[in-house]
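One-based numbering, in listed order, for ligands and for the atoms of each. Bear in mind that the values here come from a model prediction, so they are computed numbers and not experimental data.
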Amino acid sequence: MEKRVLLIVGGGVAAYKALELTRLLRKAGVAVRPILTESGAKFVTPLSLSALAEGKVYSDLFDLTDESEMGHIELSRSADLVVVAPATANLMARAANGIADDLATTTLLATDKPVLMAPAMNVRMWSHAATRRNLATLKADGVSFVGPDEGAMACGEFGPGRLVEPGVIFEAIMNALQGGASGPLAGKRALVTAGPTEEPIDPVRVITNRSSGRQGYGIAGALAMLGADVTLVSGPTALPTPTGVKRIDVVTAEEMYKASLEVAKSGEPLDVGVFVAAVADWRPDDVFGVKLKKGHAGPPTITLVENKDILAAVASLKKRRPKLVVGFAAETNDVEAHARAKLARKGCDWIIANDVTEKGVMGGDENAVLLVTAKSVERWERAAKGAVSAKIADRIAEALK
Ligand code: CTP
C-alpha cells in the first residue's frame with residue numbers, strides 16, 4: 001500500500017531543502033501532503049511545494065475550504081508518519097508545550113501517528129537550555145529526531161544546528177515507514193506492563209505510587225515501531241496509547257496479574273515480556289464497603305497483604321514462558337548487587353536498574369540505567385527517557401534475532 005507522509009515545513013533558510021525531500025519521497029512512491037507554516041511560506045512558495053508534492057498545500061487552520069475538505073484531525077490521521085522539516089526552535093517549543101495556535105501545531109497535538117523532526121536553527125538557539133528542555137520533552141513524548149548536523153550556517157556561525165541533508169531525512173523517513181511490516185521485531189509478540197496500580201482501602205481511598213507510566217509506554221511504543229505486536233497492560237495513567245499498541249487498562253495489582261497471565265497464556269506464545277509497572281507490593285486485606293468516617297473510634301487499622309509478583313509468575317511459566325523476560329528495579333544503593341539478587345529471585349533474564357538517587361531521574365526526563373544479565377553488566381550513559389526506551393527496544397530486537 002502507498003505510504004503517506006504529512007510534511008510540516010517550518011520557517012528557516014533550510015526550508016528549501018524540504019523541496020528536495022519532497023522530490024525524493026515522491027520518486028520513491030511515497031505520498032506527501034505538505035503543511036506550510038506562515039513563516040515557512042516566507043522561504044518557499046506554496047506553489048513550488050505543491051508542484052513537487054503533486055497536490056494541495058495546507059497552511060491555514062481557519063481556511064473553511066480546508067475544513068470542509070479535510071479538517072486538521074483528519075489530516076493528522078490520514079498519514080503513516082508526520083515529519084517536521086525544518087523543525088525550528090519555535091516549532092519545537094510550541095510542540096513541546098502542547099500549544100496549538102496554527103495548523104502545524106494543532107496537527108502535531110491531534111496526531112496519534114509517529115512524529116519525526118529534523119531540527120534546524122542557529123547554534124546558540126540549539127544549545128540554549130530552553131531548547132534542551134524542549135528536546136528532552138519531545139523525546140520523552142516519543143518524537144524521533146534526525147540531526148541536526150554540525151557545520152557552517154547561513155547566519156555565518158559554525159556548530160550544531162544545521163538541517164541534515166534531504167537524503168539523510170529521506171533515509172530516516174523510509175526507516176520509520178518500514179518499521180512496522182519489515183522491522184526487526186515483525187512477527188514477534190510482546191507484553192509490557194506499565195504505570196502504577198491502585199489498591200482500594202474503601203470506595204474513595206486508595207494506596208498508590210508516583211509512577212507516571214512514561215518509561216513503560218515509551219518501551220511499548222518503541223517495540224511497536226520495530227514491528228512487534230505489543231500488548232500493554234497499564235495501571236491508571238494520563239498517557240495516550242502509543243501508536244500500534246494494544247492496551248488493556250487495569251486498576252489493581254490483582255487485575256494486572258490476571259490480565260498479564262491471560263496475555264501470556266493465550267494466543268501465540270510471547271517472545272518478550274517487559275515488566276515496567278510499579279506494582280503495589282501490598283494491598284489492604286479488607287476493602288471497606290462504605291467510606292470510613294472519622295467518628296470517635298480513632299484512626300482505622302489497615303492490615304496489608306502481599307500482592308502476587310507478576311514478573312516472577314510469568315518468568316516461571318513452563319511452556320508459555322516468553323523467550324526473554326525483562327524486569328525493572330529502582331534502587332538507591334548497591335545498584336548492581338541488588339539487581340543481581342533480583343534477577344535470580346524473580347527468574348528473569350535481564351534487570352534494567354535505575355539509580356534513583358541520580359539527580360533528575362525520579363519523575364524527571366532522563367534516566368541512568370544499568371543493564372544486568374546473568375553474564376554481564378552494562379552501565380548506559382545518562383539519556384532522555386525516550387532515547388532509553390529506543391535503546392532497550394533495539395537491544396531486545398538484537399537478543400531475539
Ligand atoms: N513486579 C511485578 N509484580 C509485583 C511486584 C513487582 O511484576 N507484584 C515487577 C516490576 O514490574 C519490576 C520488578 O518486579 O519489573 C520490580 O521488583 P520489586 O521487587 O517490586 O522491586 P523493588 O520494589 O525495587 O524491590 P524491593 O522490594 O527489593 O525494593
Asker: May I ask you to decide whether D349 forms a salt bridge with R321, counting only side-chain N to carboxylate O separations under 4.0 Å?
Answerer: yes

Asker: Is the charged tip of K56 near the ring of Y58: under 6.0 Å from the six-membered ring centre and within 45° of its axis?
Answerer: yes

Asker: For atom 5 (C) of ligand 1, what's the nearest protein heavy-atom neighbour? Residue, atom name and distance, please.
Answerer: V279 CB, 3.8 Å

Asker: Considering all heavy atoms of both residues, which atom of A399 and which atom of W350 are nearest to each other, and what is their separation?
Answerer: CB-CZ2, 3.8 Å

Asker: Side chain or backbone, does K346 bring an N or O within less than 3.5 Å of an N or O on ligand 1?
Answerer: yes

Asker: Enumerate the atoms of ligand 1 whose separation from the nearest heavy atom of A330 is less than 4.0 angstrom.
Answerer: 24 (O)

Asker: Mark the output for E306 as yes if a heavy-atom distance to ligand 1 is under 4.0 Å, and as no if none is.
Answerer: no

Asker: Hey, are Q215 and S389 close enough side-chain-wise for a donor-acceptor pair under 3.5 Å?
Answerer: yes

Asker: Can you confirm whether the side chains of T131 and N134 place a donor and an acceptor under 3.5 Å from each other?
Answerer: no

Asker: Under 4.0 Å and counting heavy atoms only, is there anything from the protein next to atom 27 (O) of ligand 1?
Answerer: no

Asker: Under 4.0 angstrom from ligand 1, any heavy atom of K308?
Answerer: yes

Asker: Write out the residue and atom name of the closest protein heavy atom to atom 7 (O) of ligand 1, then the distance separating them to 0.1 Å.
Answerer: L311 N, 2.8 Å

Asker: What protein heavy atom sits nearest atom 3 (N) of ligand 1, and how far away is it?
Answerer: I310 N, 3.0 Å

Asker: Under 4.0 Å from a heavy atom of G327: give me the atoms of ligand 1 that qualify, with their elements.
Answerer: 15 (O)

Asker: Please determine if A329 has a nitrogen or oxygen closer than 3.5 Å to a nitrogen or oxygen of ligand 1.
Answerer: no

Asker: From atom 13 (C) of ligand 1, work out which of Y257, F328, W282 has a heavy atom at the shortest distance.
Answerer: F328

Asker: Among all the protein's non-hydrogen atoms, which is closest to atom 23 (O) of ligand 1, and how far away is it?
Answerer: D281 OD2, 4.1 Å

Asker: Considering only heavy atoms from C-beta outward, does the side chain of L108 approach that of M117 to under 4.5 Å?
Answerer: yes

Asker: Using every non-hydrogen atom in the two residues, find where A315 and V325 come nearest and quote the distance to one decimal.
Answerer: CB-CG1, 4.0 Å

Asker: List ligand 1 atoms under 4.0 Å from A277, heavy atoms only on the residue side.
Answerer: 10 (C), 11 (O)

Asker: Can you check which of H338, E254, K342, R345 brings a heavy atom nearest to atom 29 (O) of ligand 1?
Answerer: K342

Asker: As a quick check of understanding, evaluate side-chain hydrogen bond (donor to acceptor under 3.5 Å, both in side chains) for E378 and S376, giving each step before the final call.
Answerer: CA-CA 7 Å; E378 272 176 45; S376 67; 5.0 Å; no

Asker: Using distance alone, with no hydrogens and no angle criterion, decide if Y217 and S234 have a side-chain donor and acceptor under 3.5 Å apart.
Answerer: yes

Asker: Given E398 and K401, is the salt bridge (charged side-chain N to carboxylate O under 4.0 Å, His left out) satisfied, shown in steps?
Answerer: CA-CA 5 Å; E398 223 171 85; K401 215 163 28 195; 5.9 Å; no

Asker: Run the numbers for me: atoms of ligand 1, each under 4.0 Å from some heavy atom of F275, listed by number.
Answerer: 10 (C), 11 (O), 12 (C), 15 (O)

